Asker: 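The structure follows.
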2 protein chains.
Amino acid sequence: MKKKTSLKDIAKEAGVSIATVSYVLSKQENSGVSQEVSDRIKDIAKRLNYRPNQIAKSLQSGKSQTVGLIVADISNPFFAQIARIVEDEAKKYGYTVIFGSSDEKATKSHDLIKFLLNRQVDGFIITPTEGSEGQIELLKEQNIPFVLIDRYFPSIDTNYVAIDNYKAAFDATKKLMENGNKRIGMVAYSTELNHMKERIQGHKDALGKGIYDESLLQEVAFERIVENIPKAINNLVKGNEPVDAIFFATNTLGVIGLKYLNELKLQVPDDIAVIVFDESEVFHFFYCPLTYVKQPLSDLAKKAVTVLLNHIKNPNAKLDKVKLNAQLVIGNSSN
Amino acid sequence: MKKKTSLKDIAKEAGVSIATVSYVLSKQENSGVSQEVSDRIKDIAKRLNYRPNQIAKSLQSGKSQTVGLIVADISNPFFAQIARIVEDEAKKYGYTVIFGSSDEKATKSHDLIKFLLNRQVDGFIITPTEGSEGQIELLKEQNIPFVLIDRYFPSIDTNYVAIDNYKAAFDATKKLMENGNKRIGMVAYSTELNHMKERIQGHKDALGKGIYDESLLQEVAFERIVENIPKAINNLVKGNEPVDAIFFATNTLGVIGLKYLNELKLQVPDDIAVIVFDESEVFHFFYCPLTYVKQPLSDLAKKAVTVLLNHIKNPNAKLDKVKLNAQLVIGNSSN
DNA sequence: CTGAAAGCGCTTACAG
DNA sequence: CTGAAAGCGCTTACAG
C-alpha cells in the first residue's frame, strides 16, 4: 500500500520547503517562485502523481466545497433528474454534491441535516418535508446557506426556487374547461406543503364558486397511494355526477391513476380528459398523447445552485425568492 | 455569523484540556475521565450545540468515511434506484456517498475518479464505461478499494457484483421459444461491455446454431437510441422473415421499442411477443402485462456496499466476484 | 484521573 | 526569491 504523495514528499525531493511547493502548485502566478524551481516542482509533482488532499484544504479554509442535496427520494425520477442537474451545475463551480433521501419524513430530514453538517457542507439544497419548519428555522439561525427547491414555507423568510403552482394549476384546469369539460376532478396529496395547497387552490379558483364542490377534490396520503388512488378515482368517476376530466396533481399520482383508469377501461381522452402535473418518460409511453403541466426542471435546479453558491460566497446577499412558470404541453415535449 | 463550536471552546468553558474533551465526546468508555468532569463536558457540549467536525477527523484518521458512486447517469431510474439503496446501506455503516455521472464516457469517468480521489473517498462503487479499463487498472495499482457493479471486465481481476447475464438472456429466449415463437429478434446496445456481450451470447445460444442468424441481432449505439431503435425494429418486423418475438436487452431499449411498436399498431403479445431485460415503473403502465428479466437490484446494490466496506476495512481480503441470478417475471412483480 | 505534545496535509501572513 | 511558523479541529500515544 503506497502512501499517497503529499507536499512534504515533493518538498523533500525538490530540496525546498513545503511552503514553496504549495505556492507553486496552487498556481498563484504572483507567488514569486523562480521559474527554475517552479518547473522542477511541477515535474516532481507529476512524476509522483501528486493529488492535493481536499480534506486538508477544507480544514484549512473552513470551506468543504461541498453542497448537501436533500430530496424526498433519489430513486424517484423527478428528484433524480434534479440531482443530475445539480450535480452538473455544481461541478462547474468545483463543488461536490452529497445527497440524501428524506422519504418525506421530517425526522429523516433532520438527521440528514445533522449528518451533512458534520460533514461540513457549505450549504444545502432542500426539498422540505411536511413539518420540517423547525429545522429550516434552525439553519437560518445558524446562518447556514440554503435554498429550498420545489416547495417552501410561506411563513419562513428563506431562499427558494419553485414553480408558480397556483398559476400552473389554474391554467391547467382552465384548459380542461375550454375543451368543454364541466366537472373537473382533482387527485392530490393530502399534505400541508404549500406547493400542493397552491395547486389545489388554483384548480378550485379556475372552476369558480358556482361549479366547485368539495367532492371534486380527492386527497390521498403519501404513504398509501397505491391503495387510495383507485378509491379516489372511483369517487370521481362512479358517483351520481361523474367527472368529465381529472387533473392529477403530480407525476406519480398520474402514473398510478392512469394505470387504474386503464383497468376501468376508461379511454383517455375520449371518456375522460386528463392533465398531469409534471411530465415523465412514463407518459411518453401511454397509448395517446397526454397534456401536462411541464415544470422547467432544468431551470429550477440550475437556479437553485446559482442561488445557493451566491449565498455561500456572499452571506449577506438578500434572499432570493424565485418562482418559475410551468407550461402546458400537449403531447410529449421531447417530440 | 456565529463560529461553530469546537473542542477548544468546550475545553475552555469546562476548564479542562482539549484532549479530555475529546476523550469524553468520542465515547471511549475506558477513557478514565471522572464521571463528574465527563458529565460537565457533555452538558456544555449539548448547550453549545457541538457538532464534531468530520473533516478534521478525516484528516487525522486518513479515512473520510465517504464512498464514491460512479454511475452512467443518476437521472436514469435504474441507476437512481441503485443510488438510493447504496445511500441507505452506506448510511447504516456511517458512510456518506458522493455520486457522479459518467454518461458512459470514459473521459468523464476518469475525471470523476480523480475528482473524488482528491475528496479522499475511501473507496468506489463503479459502473464502468466502455474503454475505462485503464482507469480501473490504475485504481488497482494504487490499492484503492473499489467494486464494479452491473458490469465488469473479464480481463481484469477485480471485485464485482453483477447479474448472470448470460443465463438471464438464455432463459428469456428459451421462454419465448417455449411459448411457440420461432424467430426471436434481439435489440441490444452496440458496445464491448461484457454485460451486453453476455446477454447477446445467451440469446444466440438459446436459439442454437440451426436457427440463429445475424439478422436477428440488432445493435444500436448508446448515443443514437431514439433514432436507431425504430430502424432496428423495422429490420426485425418488416423484412421477408418477420420475427415472432423480440427480446429487448435493457429497460431503456424496451421503453422506446415498445413505444414504437405501439406506433406500428403491433399488439403485444398478440402480434409479437416481447421480453424486456429489467423492470421499471414504466412497464407497469403498459396496456398489457409484460414479461421481464427482473434483476435483483436491491441485492445487487447492497452486496456492492458490503463488498466495498469489507475491502476498505481489510485491504488484503481476497477479491469478491459475485454473480446474482435474475428472474423471469410475468406481469408486474409489485402486484 | 488529566494534560502537553505531535501530527494529519495544507495555506498564508511574515520575515529575511 | 524562499522558508519557518502558526493554525484549521481533531486524535492518540505518552507522561505524570
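Here is the naming used below: chain letters follow the sequence lines, and residue numbers restart at 1 for every chain. Source: prediction; values computed, not measured.
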Asker: Please give, in whole Å, the distance from C:dC10 P to A:Arg51 CZ?
Answerer: 12 Å

Asker: Sequence neighbours excluded, which residues qualify as side chain to side chain contact (heavy atoms under 4.5 Å, CB included) partners of B:Asn310?
Answerer: B:Asn314, B:Ala317, B:Asp320

Asker: Can you give the dot-bracket line for DNA chain D, using ( ) for pairs inside the strand, [ ] for pairs that cross earlier ones, | for pairs with another strand and . for unpaired bases, where Watson-Crick and G-U count if both distances are under 3.5 Å?
Answerer: |||.||||||||.|||

Asker: For B:Lys12 and C:dT2, give me the distance from atom NZ to atom C1', rounded to whole Å.
Answerer: 20 Å

Asker: Only pairs at least two apart or in different chains count here, so list each ring pair (Phe, Tyr, Trp, His ring centres under 6.0 Å) that has a residue in residues 32-83 of chain A.
Answerer: none

Asker: If you assign A:Gln60 and A:Lys8 each to the DNA chain C nucleotide with the nearest heavy atom, which residue ends up on the more 5' nucleotide?
Answerer: A:Lys8

Asker: So, OP1 or OP2 of D:dG3: does either fall under 4.0 Å of a side-chain N or O from A:Thr20?
Answerer: yes

Asker: Verify the contact: side-chain N or O of B:Ser17 to OP1 or OP2 of C:dA4, cut-off strictly under 4.0 Å; return yes or no.
Answerer: no

Asker: Residues in side chain to side chain contact (heavy atoms under 4.5 Å, CB included) with A:Lys323, at least two apart?
Answerer: A:Tyr152, A:Tyr160, A:Asp164, A:Glu198

Asker: Give the nucleotide from the list D:dG9, C:dT11, D:dT11 with an atom nearest to the side chain of A:Ser26.
Answerer: C:dT11

Asker: Can you pull the salt bridge (Lys or Arg N to Asp or Glu O under 4.0 Å) pairs that have at least one residue in residues 81-90 of chain B, sequence neighbours excluded?
Answerer: A:Asp73-B:Arg84, A:Asp103-B:Arg84, B:Arg84-B:Glu87, B:Arg84-B:Asp88, B:Glu89-B:Lys92

Asker: Nearest to the side chain of A:Leu59, which nucleotide is it out of D:dG9, D:dT11, C:dC10?
Answerer: D:dG9

Asker: Between B:Arg151 and B:Glu104, does at least one N-O distance fall below 4.0 Å, as a salt bridge requires?
Answerer: yes

Asker: Measure from CG on B:Asp39 to P on C:dC1 and round the result to the nearest Å.
Answerer: 13 Å

Asker: Sequence neighbours left out, what passes salt bridge (Lys or Arg N to Asp or Glu O under 4.0 Å) with A:Lys321? Give chain and number order.
Answerer: A:Asp157

Asker: Can you check the A:Ile18 CD1 to D:dA5 P distance for me, whole Å?
Answerer: 12 Å

Asker: Around atom NZ of B:Lys12, are there more than 12 heavy atoms from other residues, nucleotides or ligands closer than 6.0 Å?
Answerer: no

Asker: Taking side chain to side chain contact (heavy atoms under 4.5 Å, CB included) as the test, write out the residues that go with A:Glu133, two or more places apart.
Answerer: A:Phe153, A:Ile156

Asker: Between the protein and nucleotides 13-16 of chain D, which nitrogen or oxygen pairs are less than 3.5 angstrom apart?
Answerer:
| from | atom 1 | to | atom 2 | distance (Å) |
| --- | --- | --- | --- | --- |
| D:dA13 | N7 | B:Tyr23 | OH | 3.3 |
| D:dA13 | N6 | B:Tyr23 | OH | 2.6 |

Asker: Checking B:Ser298 now: which residues fulfil side chain to side chain contact (heavy atoms under 4.5 Å, CB included) with it, not counting sequence neighbours?
Answerer: B:Ile85, B:Lys302

Asker: Whether A:Ser6 contacts C:dG9 is assessed here as follows: a side-chain N or O lying under 4.0 Å from the phosphate OP1 or OP2. Is that the case?
Answerer: no

Asker: Ignoring backbone atoms, establish whether B:Ser22 has a side-chain N or O less than 4.0 Å from OP1 or OP2 of D:dC10.
Answerer: no

